[in-house]
Amino acid sequence: MTKTETEQYEHLQFRIPKAKLDEFNTMVYERYGMKHGGKTKMFLDLITEHQTSQRIALLKAEIERLEQQRQIKHAL
């Protein structure tokens with residue numbers, strides 16, 4: 001992962017159970033290999049995937065609401 005001059009980076013430090021860290025490291029290795037910056041890339045990808053899944057859930061709920069409204073209109 002390359003850093004651009006316009007981006008500011010901060011260190012992130014927290015503790016997790018070793019088993020979860022091992023699982024995360026395995027996921028990183030499977031997805032990116034042993035490349036420098038793989039853990040950072042994986043973490044950012046996981047955030048993006050989570051945000052995308054949240055948007056999808058909201059869109060599905062909105063589609064369901066609109067379909068229910070349409071069915072009610074057609075039933076009248």
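Note that the numbering runs from 1 along the sequence shown for the chain.
Side-chain contact check for F43 versus L12: some heavy-atom pair is nearer than 4.5 Å. The shortest distance between side-chain heavy atoms of E49 and L46 falls below 4.5 Å.
Residues satisfying the side chain to side chain contact (heavy atoms under 4.5 Å, CB included) criterion with L59, sequence neighbours excluded, are absent altogether. H74 meets the side chain to side chain contact (heavy atoms under 4.5 Å, CB included) test with R70; sequence neighbours excluded.
Considering CG of D22 and CD1 of I16, their distance stands at 9.0 Å, rounded to 0.5 Å. Here the CG atom belonging to N25 is positioned 4.5 Å from the CG atom belonging to L21, to the nearest 0.5 angstrom. One distance of note links CD of E62 with CZ of R55; it measures 16.0 Å at 0.5 Å rounding.
A side-chain N or O of Q68 and one of E64 form a donor-acceptor pair less than 3.5 Å apart.
Hydrophobic cluster of Y29: the remaining members, joined at side-chain heavy-atom separations below 4.5 Å, are M34, listed by chain and number.
Of all heavy-atom pairs spanning K39 and F24, the tightest one is O-CZ, 3.7 Å.
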